[in-house]
2 protein chains.
Amino acid sequence: MTKAIRITEKVTPGVLRERNTRLVLQTVLIGDGSMSRADISRSTGLARAVVSEIVESLMAQHLVVEEVGTPSGRGKPAKPLRVDTDRQCLLMADLRPTEVVAGVVGLDGVIGSTGRVDLPPNPGVDDVIRVLDSFLRQLAADDGRAVLAAGVAVPAMLSPEQGIVESIQLRWTDVDLAGPLQEALGYDVVLVNDATAVAMSELSHQSQAGGSVIVLHIAGGIGSAIILDGRVHLGERQRAGEVGHIDVGVSDRRCKCGRTGCLETVANLPAILGDASVEDLDAVSSPGEDPALRALAERVDHAGRSLGALVCVQAAILDIPDVVIDGPVRRAGARLLDAIEQELARRLPAVDVRRPRFSTMADQSKMHGAAAAAMLHELGVLWHSSPDRA
Amino acid sequence: MTKAIRITEKVTPGVLRERNTRLVLQTVLIGDGSMSRADISRSTGLARAVVSEIVESLMAQHLVVEEVGTPSGRGKPAKPLRVDTDRQCLLMADLRPTEVVAGVVGLDGVIGSTGRVDLPPNPGVDDVIRVLDSFLRQLAADDGRAVLAAGVAVPAMLSPEQGIVESIQLRWTDVDLAGPLQEALGYDVVLVNDATAVAMSELSHQSQAGGSVIVLHIAGGIGSAIILDGRVHLGERQRAGEVGHIDVGVSDRRCKCGRTGCLETVANLPAILGDASVEDLDAVSSPGEDPALRALAERVDHAGRSLGALVCVQAAILDIPDVVIDGPVRRAGARLLDAIEQELARRLPAVDVRRPRFSTMADQSKMHGAAAAAMLHELGVLWHSSPDRA
DNA sequence: GCCATTTAGTTTGGGCCGCGATCAAAATCG
DNA sequence: CGATTTTGATCGCGGCCCAAACTAAATGGC
């Protein structure tokens, strides 16, 4: 639970309407084609007249459509409303160091066609802008629907104004990706940090709103994203979640950062893999007799224990029991989760944290979360669907 | 920075007025007798007509008064507004295991008379209700002003509905303190967890709003409170900040909880004191030759290093550089802070966390924070004063 | 088969709110 | 002493939500 502490801005009647519009759209979205105006009025507490008015404006914006009502029970049959998925769509992209994965998603959060293209080696911003520009154009053209906005997940630290402050993976510092892109494309382009994107994606799979989730993103580095009570927490200098160089007391290896014992020395992807390849992780749950595989399994266990220690601390500090793991390590599967859970059990009473899990959308989670962020930015609404629908 | 993610409630014109009323009151409060209606209009962006109307209602509620305007410059002289400190006051109390400290505070956050009374040994809820009832009545009678509300800091875990779920220090489980008290006293009684109260107090000393702070409260146990972007974070089961049994890898002692290495085994008050008394901490900065004192100083250093490790992790996860220490250990003074800072320097690049500090209001911080919570609850406004004013 | 009943959605009048313009009051400046 | 400037009150307007009345379209009982 949170408590707002200070009002900082005046409120005008216009804000009022905007908020209630969001509320109605959200209700339509969650209702998934089952809510009529009267239902929305009952569910939100808004007067029917107001709901009708707002729905009319949403239909004018091609965000909501009326379906044909099949009478059920007495009374005039209701006209069910659903989000208009025919006229507009969102684009989403996951910018990775060597490639871009992108796709189209409907306003209901259902993923349409997707694709990927390679980036040139050590891409500069201009390269990425060029690739994204043509890729997104092509996706939009193939889809046919108008584009409402695009969301792009980037492996970078972002300023509140959407500038890329730094990306270690892309070796960028202080560049503007969103600006040129939205100028070229003609619609809003929303950037999200990749770990945050995963968190947004998870949030959009929680059935109720205002939830909390911690995402651990394990790749070349270890990053995490924190959503507290439905709010993304970025920290005072947008550095929240930089947990790679925490010493949780499970290693005494020297880290390239100069200190020893950093989490990254045992739990980032290179540390886990050693000489092995990412594909080898698939077999790590039953390593058999192969000594290389057994060593890999050992390293996975060690990483799991370290991550377990981190999760413990996070859980004690924040009391968020939902922990999501994402990144290529997903391929290690249950073995990694088991190791984490084992460490949790050792350190905390069982009730405190649920077993961590991998991200719901797997390889698409960053992309999907970027779309969710774009949706939120554009319409002020987030999907809250069960995983099987999205 | 945070981003609200979902609208859950309808907004009505009444809410609008309430919010803007808060905004105006807040502005008057911060202005500290220097803001006129016109100033408020300019500062908030609200039309002068609206500000006048709201000010009128605030004056009718005896929350704001007009002062005599001294002309300065051209034009009709402005009538400065200030918070009305003559008609109403707040009561505040700090419930400790063996005593209650309480006092009166004006609507401007200025502390008036204070006092303390002993509690019977192992007090039950009824004892505490009796003591608080008569103590607060007496304070109010001596003060003469009407009581707007009372805030009570309690060493307990609270439910969102203000019930006391559990207090280890008071040996209470599932009791209702606020209900009977406010029924007896006739005004709202707001309970706050003691660590949270310290955090609220610190927040009310930050000059700008929406700040973040981490409070470590070190006494018999170790608790912490987290305020993120101006919101108290309590966690999914109101257990956020239960850091006493984290293993930060600086101890291998057995803890009474059954595990080993818990922070409490080296950093809670009993662990620090050993055979020494709280008063001995005063001398710990220059222990001299006394072997007992030198041993105590050693233990303070060890506790500091452990706390430093915790602060490191918290800082990495949350990126909140402002860390406040409260509790009897305050008497260890700079020696404790030095030890913490040393550990921080060892573990993190210098820039990441500021040197921790003790709570601004010292022994009064819990009480003061409780008052701040009551103020927030009652008027939706928090003081944001510089320390010397409050 | 017809009419009362029920439910959905629209229309209407009213109240609250914030806004901008207008106006009187009270100071300063030339 | 009048023009100017600033404050604060008053008033009419438009936006928004609400409750009630009204129309539309189904069901069910007689």
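Since the structure is predicted, the reported quantities are computational estimates derived from the model, not experimental observations. Labels below follow one simple rule: chain letters A, B, ... track the order of the sequence lines, proteins then strands, and each chain is numbered from 1.
OP1 or OP2 of D:dT7 has at least one side-chain nitrogen or oxygen of B:Arg42 nearer than 4.0 Å. The side chain of A:Lys79 contributes no N or O atom lying less than 4.0 Å from OP1 or OP2 of D:dA25. Regarding contacts with the backbone of C:dT10, a side-chain N or O of A:Ser52 is found under 4.0 angstrom from either OP1 or OP2.
If you take NZ of A:Lys76 and C1' of D:dT27, they are 15 Å apart, rounded to a whole angstrom. The distance from atom CG of A:Leu23 to atom P of D:dC16 is 16 Å, rounded to the nearest whole Å. Straight-line distance from the CD1 atom of A:Ile54 to the P atom of C:dT10: 13 Å, rounded to whole Å. Taking atom CG on B:Leu16 and atom P on D:dC16, their separation rounds to 11 Å, with Å as the unit. Rounded to whole angstrom, the span from the CZ atom of A:Arg37 across to the C1' atom of D:dA25 amounts to 15 Å. To the nearest angstrom, P of C:dA26 lies 13 Å from CD of B:Glu66. Across the protein-nucleic acid pair, A:Arg74 atom CZ and D:dG28 atom P stand 7 Å apart, rounded to whole Å. For the pair A:Leu46 CG and D:dC18 C1', the computed distance is 10 Å after rounding to whole Å.
Under the 3.5 Å distance criterion, with hydrogens and angles disregarded, a donor-acceptor pair is assigned to the side chains of B:Thr360 and B:Glu202. Checked by atom type, the side-chain pair A:His368/A:Ser201 shows a donor-acceptor distance below 3.5 Å.
When heavy atoms are screened at a 4.0 angstrom cut-off, A:Ala78 is found touching the sugar-phosphate backbone but no base atom. Using a 4.0 Å heavy-atom cutoff across all strands shown, A:Val11 reaches sugar-phosphate atoms only and no base atom.
Put simply, the side chain of A:Leu191 reaches to within 4.5 Å of the side chain of A:Gln162, judged on heavy atoms.
With a 6.0 Å radius and a threshold of 12 heavy atoms from other residues, nucleotides or ligands, A:Glu9 has its CD atom at or below the threshold. More than 12 heavy-atom neighbours from other residues, nucleotides or ligands sit within 6.0 angstrom of CD on A:Glu67.
Of the residues near DNA chain D, A:Val50 and A:Gly73, the one whose nearest nucleotide (by heavy atom distance) lies more toward the 5' end is A:Val50. Toward the 5' end of DNA chain C, the nearer of the two residues A:Ser36 and B:Asn20, judged by each one's closest nucleotide, is A:Ser36. Toward the 5′ end of DNA chain C lies the nearest nucleotide of A:Glu53, the other residue of the pair A:Glu53 and B:Ala47 mapping further downstream.
A donor-acceptor contact under 3.5 Å is formed by the side chain of A:Arg48 with the base of C:dG9.
Proximity note for A:Ala38 (side chain, C-beta onward) versus D:dT7, C:dA8, D:dA19: the nearest is C:dA8. Taking only side-chain atoms of B:Pro77, from C-beta outward, the nucleotide of D:dC17, D:dT27, C:dA26 with the closest atom is C:dA26.
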